2 protein chains.
Amino acid sequence: MGGVKTGRPRSFDRDRALEGAIAVFWEHGYDATSIAMLTKALGIGAPSLYAAFGDKRALFLEALDRYIRTYGAFTERALAEEPNAYDAVERLLREAAAAYTRPDRPRGCLLITAATNCAPQSADIVARLRGLRAMGVRALEAKIDAATRSGRLPAHTDAHVLATFYSAVLQGMSAQARDGATTSDLEQVAETALRAWPSAADQRTGDSGLAAPK
Amino acid sequence: MGGVKTGRPRSFDRDRALEGAIAVFWEHGYDATSIAMLTKALGIGAPSLYAAFGDKRALFLEALDRYIRTYGAFTERALAEEPNAYDAVERLLREAAAAYTRPDRPRGCLLITAATNCAPQSADIVARLRGLRAMGVRALEAKIDAATRSGRLPAHTDAHVLATFYSAVLQGMSAQARDGATTSDLEQVAETALRAWPSAADQRTGDSGLAAPK
DNA sequence: CTACTTTTGTAGCGATCGTTCGAGAAGTAC
DNA sequence: GTACTTCTCGAACGATCGCTACAAAAGTAG
């Protein structure tokens, strides 16, 4: 099992090509990205692409995997590295505001946006991204649930609702980023969303309706 | 200018066909919807479709216009019919929770989702929907601004930030609906989002960072 | 009925889709 | 050098894309 490979060496950097593929899929999504767009963006021929990555589906899945471990890794890091659930969510939203509006990258989140408009034949891709997003919601929910059980959140806190809310905020921030919102806009969206964080002082008396400040 | 038209009469109901087109575009978005999917769903041939609506682009724009005046009209109604800005936003979010999860319709919002993944040649469609969404944000911002000027909101209220926030929440709710969230889930997301509504009691002391309840 | 108008279904247009074949290029192994 | 392996390039595969020419069908007008 020697490390030296025989045959004609690849003329391009596979990692760089994968980065390029991430960029195109990030910008246009799975279905709307054609092989022609990819070969043009990566500067390689179609046979080279297929030899290196398999087919379009496999290339997307590999790009997605790399995206999650790099550009999207801040989400897992925030939950893992911040002991306090509030700090984790604050950091999550703050870093998302920056990540979704970086001038050197496509806007928004690939995991959120890349498979929104898909033909029925790409249903498996849609399902895969949906599943990954659901994992994110569950991770957030677990973080909130742990904080509630350790007494750092009111006992009546509904972790599922709160996790769904902040996931929706993230998805909304991604959409707003794509619509042209600035980093500052998103930071203030994040700040506003954090006002909904439960505290011991804001327990509502009834549970039938929405709180209605006049 | 007589009302009676000569020639072979149309074999299908144009309005019903337009409704069907709305459903398909709503479900799959603009680019991922093919003419074959439309003709199959509407039960008509391609030439009939082109004779009645022009081309795919024109059909989508007409479907979009009808969508906004019917399924999506609740947003404008909430802002127009509720004098109080808070009541308007509460109603907006509540009705969105229901509208985005109706079992007899595609999930989410067509205006939000239908042009997320598009090829470069559909950039005009993307821009059009973006513009319409921006109009929605501005309408919400105007409503909040009016409430602030009339003293029903704290004077320091940033209408732009608040409008961007609740627009992001709507977009997030649409995404969550597509990801399988229930009506109840979205109602609770709406309820949570309303906790961020500004009140006279919650004026922050500093303005440098995020509020940080421990 | 005939003349006219519009819609219908079939069939196919050129373009692009994702994908692959086959020949030559570019490397290592001996 | 020759043998072998792998990659690159141009070309093209069948399928589908949005769209339309054409002729038969189905109505009104006289």
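In what follows, every chain begins at residue 1, and chains take the letters A, B, ... in the order their sequences are listed. These numbers come from a predicted model, not from an experiment.
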**Q** Is it true that the side chains of A:Asp31 and A:Ser122 contain a donor and an acceptor less than 3.5 Å apart?
**A** yes
**Q** Is it true that B:Arg69 and B:Asp65 make a salt bridge, defined as a side-chain N closer than 4.0 Å to a carboxylate O?
**A** yes
**Q** Within a 6.0 Å radius of atom CZ on A:Arg14, are there more than 12 heavy atoms belonging to other residues, nucleotides or ligands?
**A** yes
**Q** Nearest nucleotide by nearest heavy atom, which residue falls closer to the 5' end of DNA chain D, B:Gly54 or A:Gly43?
**A** A:Gly43
**Q** Tell me the interatomic distance from B:Arg8, atom CZ, to C:dT6, atom P, rounded to whole angstroms.
**A** 14 Å
**Q** Side chain of B:Pro47 only, please: which of C:dA25, C:dT19, D:dT20 is the nearest?
**A** D:dT20
**Q** Please report, rounded to the nearest Å, how far the C1' atom of D:dG10 is from the CD1 atom of A:Ile44.
**A** 16 Å
**Q** Closest nucleotide of DNA chain C for B:Ala46 versus for B:Gly7: which of these residues is on the 5' side?
**A** B:Gly7
**Q** Tell me: CG of B:Leu49 to P of C:dG9, nearest whole Å?
**A** 12 Å
**Q** Is the closest basic N to carboxylate O distance between B:Arg149 and B:Asp145 below 4.0 Å?
**A** yes
**Q** What is the distance, rounded to the nearest whole Å, between atom CZ of B:Phe53 and atom C1' of D:dG18?
**A** 16 Å
**Q** OP1, OP2 of D:dC19 versus side-chain N and O of B:Tyr50: anything below 4.0 Å?
**A** yes
**Q** Quick check, are the ring centers of B:Trp197 and B:Tyr166 under 6.0 angstrom apart?
**A** yes
**Q** Using atom CZ of B:Arg57 as one end and atom C1' of D:dG18 as the other, report the distance to the nearest whole Å.
**A** 14 Å
**Q** Between atom CZ of A:Phe25 and atom CG of A:Leu61, what is the distance when rounded to the nearest 0.5 Å?
**A** 9.0 Å
**Q** For D:dT8 and A:Ser48 - does any side-chain N or O of the residue sit under 4.0 Å from the phosphate oxygens OP1/OP2?
**A** yes
**Q** Under 4.0 Å, heavy atoms only, any strand: does A:Ala52 hit a base, just the sugar-phosphate, or nothing?
**A** nothing
**Q** Taking only heavy atoms on the protein side, list every residue of residues 9-39 of chain B lying under 4.0 Å from any atom of DNA chain C, sorted numerically.
**A** B:Pro9, B:Arg10, B:Ser11, B:Phe12
**Q** Give me the atom names and distance for the closest heavy-atom approach of B:Arg133 to B:Leu111.
**A** NH1-O, 2.8 Å
**Q** Without decimals, in angstroms, what is the distance between B:Asp55 CG and C:dA15 P?
**A** 18 Å
